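Computed from heavy atoms alone, side chains included, the values below leave out hydrogens, waters and symmetry copies. In what follows, chains are A, B, ... by sequence order, proteins preceding strands, each numbered from 1. Fair warning: this is a prediction, and the values are worked out from it, not measured in the lab.
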Amino acid sequence: MPKLTIDNLEVTVPEGTNVLEAARELDIVIPHFCYHEALGAVGSCRLCAMMFVDGPVTGLQMACMVEAQDGMVVSSTDPDAIELREHVIEWAMTNHPHDCPVCDEGGECQLQEMTVAGGHGVRRYNGKKCTFTNQDLGPFVQQEMNRCITCYRCVRTYRDYCGGTDYGVFGSRNRIQYGRFQEGTLESPFSGNIIDACPTGVLTSKPFRFKTRLWDLQEAPSICPHCSLGCATIPGGRYREVQRVKAGINRETHGFFICDRGRFGYDHVNHQERPRQARVDGQPVAVAAALTAARERVAGMAREHGPNSIAFLGSSRASFEGSVLLRDWAAATGSQQLVYEAHQGRDHAARTLAARLGEHGRSLEDLRQSDLIVLFGADPLAEGPMLALAIRQAVRNGGKVIVIDPRPVELPCAASHLPLAMERLTDVLTALAQKDLHAFDNHEHAFLENLSEQFDSAQRPVLIGGADLLGGKGVDALCSTAAQLSSAECAVGVMTMLAGPNSYGGALLAGDGPDFDTILDAIQEGTIRALVCLESDPFREAMDPSRAQAALGHLELLVSFDATPGLAAQRADIFLPTRANAEMAGSYMNNEGRLQAFQAVIDPGLPISETGAGNHPPREFFQTTPGSAPEADWWLLAELLERDTTLAALRKTIEQSDECFVGLSAIDAESTGLRFSAQGSLPPAAEQDLLQTGVTDALKLLAITGPVGSHWLAHLSSPLAATQPKPYVVLHPEQAEKLGLSAGDRARLTTHFGHCHVVIRTDEKMVNGLILAPQLWDTALEGMVPGSMLDCQLEKEGKA
Amino acid sequence: MNFWRDIKGTLQPFWITLGYLFKKPVTIQYPEEKRTPPPRYRARIVLTRNPDGSERCVACQLCSAACPVDCISMQAAEAEDGRRYAAWFRINFARCIFCGLCAEACPTMAIQTTPDYEICNRDVLKLVQEKEDLLIDGCGKDDEYNYYEHSGVGVANERGGNEDEYGPVDPKALLP
Ligand code: SF4
Ligand code: SF4
Ligand code: SF4
Ligand code: SF4
Ligand code: FES
């Protein structure tokens with residue numbers, strides 16, 4: 001550990017730290033542009049000059065390029081260093097257009113800050129300024145090239161860190177232009193990160209364009225609600241709407257960057273059709289009245305038909321605290337019908353994981369350091385994009401990636417891929433654990449043999465599974481394989497992609513209660529008469545939506561708590577509006593069992609852009625904010641159960657009643673979160689056959705998660721609308737040929753939902769003999785619940 | 001001693017008052033009579049226009065940031081030609097303390113103070129003024145400045161067409 005002196009202060013830093021970072025340890029901030037913790041130092045901006053007075057290195061040096069060594073004496077206040085920094089910033093400003101008033105970076109611009117910090121106050125150069133042509137980079141990123149200071153941070157973020165290939169740098173001398181070779185939409189699903197990375201106003205957010213300034217934004221640390229990884233985010237709101245999300249920092253999980261779904265998927269909070277009014281039997285009522293009605297009718301139902309006539313359905317979207325209170329409500333009613341996920345496969349997977357993960361749990365940071373990553377039925381870009389970036393960093397650090405999946409899993413890094421039917425994933429896991437590969441032939445055998453050998457030499461291997469394809473049995477096999485392959489020297493890690501931000505928390509609370517398909521049967525039979533839905537929409541989320549809709553029609557009482565305009569919210573007898581994640585404090589437990597707290601960014605209310613219809617706010621004044629009825633899910637349930645309604649008190653009670661959650665009240669939203677030792681229980685054994693028939697002469701279709709934008713909350717977010725593809729199906733080219741189809745053709749897809757029109761895509765990386773259809777909301781493919789197998793027919797309608 | 005001082009102190013003010021009876025009065029009979037304040041007097045705030053008649057304000061939110069009583073609010077928007085402008089702009093004169101900091105902060109000379117001090121109203125809502133109420137037809141105190149002639153976003157002129165600019169350059173050019 002080198003010990004050095006900076007500005008007469010001594011500091012000891014870990015090996016490999018550069019002097020700029022060492023100075024930061026002492027709270028000495030040296031002006032800099034090109035250095036970034038996640039991207040490293042390249043020494044291209046020449047701004048971070050420091051004077052090395054004594055020791056192994058002497059003279060004026062770029063602090064970011066010098067590794068801290070013992071005995072160094074460094075000065076940041078040396079007149080030569082100050083003068084150099086002043087000149088460098090002056091050069092950087094010679095061509096700068098000085099258009100801060102119309103620049104969206106204004107107020108949070110590193111160039112503004114560094115210009116002041118560098119001491120450049122008066123412009124001396126009176127020559128003409130060089131200008132550039134901008135490119136249209138698609139719906140997310142706005143470019144204004146004149147403001148560029150050529151620090152290369154965008155390119156290093158986009159290409160090196162995120163693995164994008166269609167953005168780079170062109171030209172020479174003072175004609176350096178950043179952008180695409182040809183104007184067009186940025187292809188990387190992480191493109192938004194260059195907005196955060198660019199220290200100037202060249203790259204700014206298009207959906208946030210001209211919305212507001214940092215000083216008028218309400219910001220708070222939050223957790224992304226779009227997948228089970230739980231990336232830290234910082235949403236910003238103003239005028240009663242969430243206007244943007246930028247990446248927060250959590251070195252244990254996602255690091256410094258987030259995916260475009262998380263960044264641009266905030267608009268569900270402001271959705272026009274979002275229900276904001278409590279209702280009882282279709283009549284608008286006050287929240288208190290609706291709560292009383294819910295409490296009394298549920299209790300009445302329990303008295304009349306027994307406590308088990310009421311089922312409680314939580315969801316992966318609800319906060320952990322709300323989920324605990326749902327369990328308490330079920331317990332208070334006496335009902336055993338409690339489940340936290342309407343999708344059977346995802347439910348079983350989450351519960352199995354919560355029961356079996358234990359010491360095998362790995363964070364994204366562990367993954368970045370891993371040397372062998374094997375994905376079984378996990379498609380990171382669809383199920384949790386930042387997982388793909390963590391995998392890419394592992395590859396950049398020398399790790400290997402192997403994908404075993406029926407789908408053509410795309411990754412932003414090199415990976416070897418074995419296409420294998422969904423039913424056989426579990427077989428592979430068992431075979432690997434037992435080191436018995438005789439059931440596989442030819443190239444499959446060779447591939448798995450090779451994989452098995454790699455396991456023997458790997459130091460930090462991690463198995464990654466996906467809930468959609470593996471289901472409960474698959475996740476069980478995944479954990480068993482990890483346990484069997486682990487040895488004293490090398491523990492095999494496990495990570496599983498679950499349905500949503502609090503899937504793991506729900507799974508812990510669900511215990512060994514029934515799954516939702518069992519509950520649906522009971523509703524169909526009439527033994528369950530009432531259903532309470534906490535931020536869930538069983539009409540759409542159940543494994544077979546048509547069966548769910550038929551069964552749910554028999555309900556006598558449907559109570560829904562929700563923040564989105566789902567079908568359950570529309571059809572509920574008693575409806576209570578909840579706050580969206582950006583409007584409340586609470587916590588989520590991510591897919592490694594890490595509980596992370598989030599804070600409220602804004603208070604709920606109809607956005608001013610809506611009440612003013614784009615013009616100035618209405619010239620009427622009210623005592624209360626219109627549309628401000630929604631309350632946090634945990635608040636509503638605490639009120640309903642007549643408990644103390646502060647979050648702190650609630651967390652204390654949870655700690656007191658469940659020993660395994662001790663530490664809950666201590667977590668704060670700025671921390672890296674807390675992993676609890678709590679262990680769940682395995683789900684009831686029976687898992688339904690996933691194949692749904694009803695079409696004769698059939699081909700097999702596997703419903704999968706669509707690309708960015710096809711998740712429910714993402715679907716409600718208008719900035720992501722542009723990324724929603726037209727309905728399509730993917731086939732292996734050989735199968736397409738057999739059916740007389742080729743890529744780009746239009747075809748008619750028939751399933752038990754009916755007919756719909758799709759575009760044919762082909763991919764030779766996928767398994768032959770299967771048709772893949774993504775779930776796309778508000779299209780004919782809406783019913784394609786990921787993980788379900790359907791019989792289908794496909795007929796050609798037109799040429800490409 | 002004190003006695004004489006008190007007598008003097010009692011009578012002198014009467015004497016001075018008496019003296020003023022024979023001088024010309026300085027009081028103005030407002031509102032019948034009105035005073036003309038100096039041109040840089042800080043009263044009613046207006047939004048001025050560019051010499052070419054377009055709106056000057058670019059909705060940069062600097063005035064609202066500078067305002068110590070937070071009485072300015074606005075929403076920026078983008079016009080077809082890329083111009084940033086205020087979709088709406090509101091000043092609550094019931095709150096304004098006429099400090100003039102907004103005018104000081106404005107980079108485009110859009111927001112200016114004027115000598116019109118007659119703003120009082122019994123209806124507070126009438127003191128909440130929108131962009132339509134604030135926008136005047138002239139340039140105010142500077143009849144030359146047009147922000148977009150000097151900032152390099154290519155709105156007033158083509159890109160690179162402002163007086164102190166050249167280009168746009170061709171990044172794919174091979175010449176040294
Ligand atoms: S576009 Fe931004 S990040 Fe990229 S080189 Fe220019 S200033 Fe740096
Ligand atoms: S990876 Fe998941 S949690 Fe992270 S930003 Fe993307 S959607 Fe959100
Ligand atoms: S004069 Fe002062 S108080 Fe009035 S709007 Fe301007 S900054 Fe605000
Ligand atoms: S009046 Fe001036 S300071 Fe205020 S928003 Fe408009 S341009 Fe900016
Ligand atoms: S930060 Fe050191 S040269 Fe740029």
Polar side chain donor-acceptor pair, Thr212(A) to Arg238(A), under 3.5 angstrom: yes
Pair Asn146(B)-Arg56(B), side-chain donor/acceptor within less than 3.5 Å: no
Check: Ser188(A)/Asp166(A) side-chain N/O donor and acceptor closer than 3.5 Å: no
Best-contacting candidate, Gly171(A), Cys103(A), Cys100(A), against chain B by heavy atom pairs under 4.5 angstrom: Gly171(A)
Chain B interface, residue from Ile176(A), Asn126(A), Asn134(A) that has the most non-hydrogen pairs under 4.5 Å: Asn134(A)
Residue Arg619(A) versus chain B: region with a heavy atom under 4.5 Å: both
Under 4.5 Å from a heavy atom of chain A, the part of Ala77(B) involved: backbone
Lys141(B) versus Thr113(B), side-chain donor and acceptor atoms under 3.5 Å: yes
Chain B contact via Ile608(A) - side chain, backbone, both or neither, heavy atoms under 4.5 Å: side chain
Side-chain donor-acceptor pair present, Glu55(B), Asn50(B), cut-off under 3.5 Å: no
Distance-only side-chain donor-acceptor flag, Asn146(A) / Thr131(A), under 3.5 Å: no
Glu144(B) atom CD: more than 12 heavy-atom contacts under 6.0 Å: no
Which portion of Phe89(B) sits near chain A, non-hydrogen atoms under 4.5 angstrom: neither
Contact class of Ser64(B) relative to chain A, heavy atoms under 4.5 angstrom: side chain
Atom group of Ala173(B) that falls short of 4.5 Å from chain A, counting heavy atoms: both
Phe181(A) six-ring face occupied by Lys172(B) cation (under 6.0 Å, within 45°): yes
Top contributor to chain A interface from Val169(B), Leu174(B), Val58(B) [non-hydrogen pairs under 4.5 Å]: Val169(B)
Interface moiety of Tyr178(A) toward chain B, non-hydrogen atoms closer than 4.5 Å: neither
Among Arg173(A), Glu620(A), His98(A), residue most engaged with chain B (heavy-atom pairs, under 4.5 Å): Arg173(A)
Chain B interface, residue from Arg209(A), Met145(A), Gln177(A), Lys128(A) that has the most non-hydrogen pairs under 4.5 Å: Lys128(A)
